[in-house]
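Input: a single structure, listed below in structure tokens.
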There are 4 protein chains.
Amino acid sequence: MERAILEGVIGLLEEGVPLAELSIERIARTAGVGKATIYRRWSGKEELFVDVIRAAEPPEPELPGTSMRDDLLVLLENLRQRGLASRSSALLHNVHAQMKSNPKIWAAYHENVIAPRRALVLDVLRRGQLNGELRPDVDVELANDLFVGPVLVRSVLRPDADLPAGLAEDIVDTVMAGLRPVSSTVSQH
Amino acid sequence: MERAILEGVIGLLEEGVPLAELSIERIARTAGVGKATIYRRWSGKEELFVDVIRAAEPPEPELPGTSMRDDLLVLLENLRQRGLASRSSALLHNVHAQMKSNPKIWAAYHENVIAPRRALVLDVLRRGQLNGELRPDVDVELANDLFVGPVLVRSVLRPDADLPAGLAEDIVDTVMAGLRPVSSTVSQH
Amino acid sequence: MERAILEGVIGLLEEGVPLAELSIERIARTAGVGKATIYRRWSGKEELFVDVIRAAEPPEPELPGTSMRDDLLVLLENLRQRGLASRSSALLHNVHAQMKSNPKIWAAYHENVIAPRRALVLDVLRRGQLNGELRPDVDVELANDLFVGPVLVRSVLRPDADLPAGLAEDIVDTVMAGLRPVSSTVSQH
Amino acid sequence: MERAILEGVIGLLEEGVPLAELSIERIARTAGVGKATIYRRWSGKEELFVDVIRAAEPPEPELPGTSMRDDLLVLLENLRQRGLASRSSALLHNVHAQMKSNPKIWAAYHENVIAPRRALVLDVLRRGQLNGELRPDVDVELANDLFVGPVLVRSVLRPDADLPAGLAEDIVDTVMAGLRPVSSTVSQH
DNA sequence: CCCTAATCGAGACGGTACGTCCGGTCTTTGT
DNA sequence: ACAAAGACCGGACGTACCGTCTCGATTAGGG
């Protein structure tokens, strides 16, 4: 049942139906379902969208584990191509935007989708500190932003721009270079 | 007239009225204005919001011009405190999110608000290349993202988080350090 | 506007649509009108029905005025043929029944439709007392019930039964005979 | 089981719950019963109400049998006080009204409740013809209406009015007086 | 200084969607 | 085995807005 509804929504979005025209009534009609069946499971459009995004979210990439740099490259490349940053998921972009209007829903999305992804990066960074690739006095939270921010900023502010192929490598190498010097200005939190 | 309407909207948002409850009807009622008077000036809620944001947008900061680093610090600090990144403008955040649902409006906002700000940063970076603070073979577009991305990513993904005071300085110094080495991996686009 | 809605409802009833299927939504659809336009005028189905009945109500008959007996004959005959008692208005019958479920609406109907009709009969009776056709010590309220009750009881309890042609005359003459004797048992209120 | 459901409904009505709020769902909840259990026994709300009325109907009065007049007085007095005409059964009144919207149900109610009561009156009248209290050429159907109509008309059209104590006696005596004269206008149908 | 024209507020209009409730059917669960 | 519990589809409820529209009333400036 839930499956049918979620896939109905994804289907509509893929057909190019604008997000603004996705009423609960239309979703129910499309899925061949009563409105109550939807309201029984979700409190409204926004909550439903959290699950739609979750259902359409690409799987987390396999990490090579050979080095922090390699792991970061895979993660950022994945983000560039298929994550929030991807042009192919322009639809998810809008759902994403819509959700931000509702703090509660956004919190749920943050907890279920964004936070795990962030935790993954933090793990990679901490492993890098253990094996010497990253100085141990660097604030991993800040480092995370330094790596992820430049990729995301383009997709958020200029969603239709093309993200060049070498972007992830450029970012990783530049930021790692900036974080390596002994005379660093970045101190533990 | 326009003034009264825009200020009515800003007033409502400041009173804590959720963006989702801002109907044209309510806006008209608040401003003591007929609905037609609003539709005569804007084609709908989103177009109106572009002007609301423009009216509430903080002025561009005065640049010291003493060095690229100083200019960047002022710009990022301004972004951290008063721009999109500011918690104080949580309301603008939502308007922002809402607008992204409408590509046409988003484009207008991008052109009128985001692009000028971006151009400012690019100018600063190019001046930095002229006076030797930034290697001339660095892609200024990428550099822009490296500087701005880490500030914005927090405000976009975790709007309620506190942005620490030294953040701008940490970012500027780290990224500049990463971009300075002779053996750079960053090449002109 | 009101006209179109009321006539739409009457049309539907005449087409044989069961009263229970007369939803506000359907009425609006039929009249080519928004639901709000109906709710702007009536608070609900029942209030609307009061006006439907009023619009479909046959006009009050011309009274000959030649005598109380003649007037009563016309009134009762009219009641038998075209009023509540008429088989042809089976539809009104149901609307009538429906209204009784709502005391407020019933009161409105009573005030606007039933009471004037009753007042008419009471007037005729009082004129009869003035010209000697009816003893002046008779309670006109009771007399009214004695004349009207027998006609109505059939239409209320057995709405599909045929009311014989001479019914009104039989009733008027019998009751007048019962009310005339000197040794009457009917005293002023 | 049936007992519990019917008594649940009567209980609700006695608590003053308006008839319009008596949904099958609520009845089931009150009786602690599944909806299916109700639909297994009755085809809908209306059929159920027939049994509710039957269960709440007052017993037929004991007839003295001393004379037609005495019997009629008892019957009409009973009607005035406890039957359809009674204010105390305002609730039944509404159920009654509701049923009229459904011809099938109304027919069932007519057959089970109204017709027997009518037959009783007709019996009394025919016994009166045999013992000389009522002229044998009078149409008993009409006579029935002449006696019963005046009592019912008040309760149907003005359910909140007080029916005065002497009403039954006034009606019986007046109508009997009207029916007695040799020069009667009432002929066998 | 008046008179045409534009503009205003107010709010009715046909619609769409909201979130809730109920009608009847059908399925699951437990006793 | 049967009954309670309740999910299911469908659809009406009454409300809120949408964007269009028609009203008078109020300005405004150009003749």
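All heavy atoms count here, side chains included; hydrogens, waters and symmetry mates do not. Proteins come first, then strands; the chains are lettered A, B, ... in the order of their sequence lines, and each starts at number 1. Note that this is a predicted model, so its numbers are computed, not measured.
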Practice task
Let me know the distance between CD of E2(A) and P of dA7(F), rounded to the nearest Å.
Solution key: 13 Å
Exercise for the section: Rounding to 10 degrees, work out the angle separating the end axes of the helix from dC1(E)-dG31(F) to dT31(E)-dA1(F) (five pairs an end). Expected result: 10°
Handout entry: side chain to side chain contact (heavy atoms under 4.5 Å, CB included) against T30(A), all qualifying residues, sequence neighbours excluded
Key = L12(A), R26(A)
Handout entry: Distance below 4.0 Å between T37(D) side-chain N/O and dA3(F) OP1 or OP2
Key = no
Problem - Closest approach of A31(C) to A4(C) (non-hydrogen atoms, all atoms of both residues) - result: CB-O, 4.3 Å
Exercise for the section: Indicate for each nucleotide in nucleotides 12-20 of chain F, in 5' to 3' sequence, whether protein heavy atoms under 4.0 Å reach the base (B), only the sugar-phosphate (S), or nothing (-). Expected result: BBBB-BBBB
Problem - side-chain hydrogen bond (donor to acceptor under 3.5 Å, both in side chains) partners for R54(A), two or more places apart - result: D51(A), N112(A)
Fill in the blank from the handout: To the nearest 0.5 Å, atom CZ of R41(A) lies from atom CG of L6(A) at 9.5 Å
Practice task
Could you pull out all residues at least two apart from R3(D) that satisfy side-chain hydrogen bond (donor to acceptor under 3.5 Å, both in side chains)?
Solution key: E7(D)
Fill in the blank from the handout: Residues at least two apart in sequence or cross-chain that pass side-chain hydrogen bond (donor to acceptor under 3.5 Å, both in side chains) with E2(C), listed by chain then number, are none
Problem - Bounds of contact between DNA chain E and chain C, in 5' to 3' order, using a heavy-atom cut-off under 4.0 Å - result: dA12(E) to dA17(E)
Handout entry: Pairwise distance CD1(I5(A)) to CD1(I27(A)) - rounded to 0.5 angstrom
Key = 9.0 Å
Problem - Listed partners of E25(B) passing side-chain hydrogen bond (donor to acceptor under 3.5 Å, both in side chains), at least two apart - result: K35(B)
Practice task
Measure across A28(C) and G34(C) and return the closest heavy-atom pair with its distance rounded to 0.1 Å.
Solution key: CB-C, 4.2 Å
Fill in the blank from the handout: On DNA chain E, more 5' by nearest nucleotide between G34(C) and V33(B) is V33(B)
Exercise for the section: Applying salt bridge (Lys or Arg N to Asp or Glu O under 4.0 Å), name anything that partners R29(D), two or more places apart in sequence or on another chain. Expected result: none
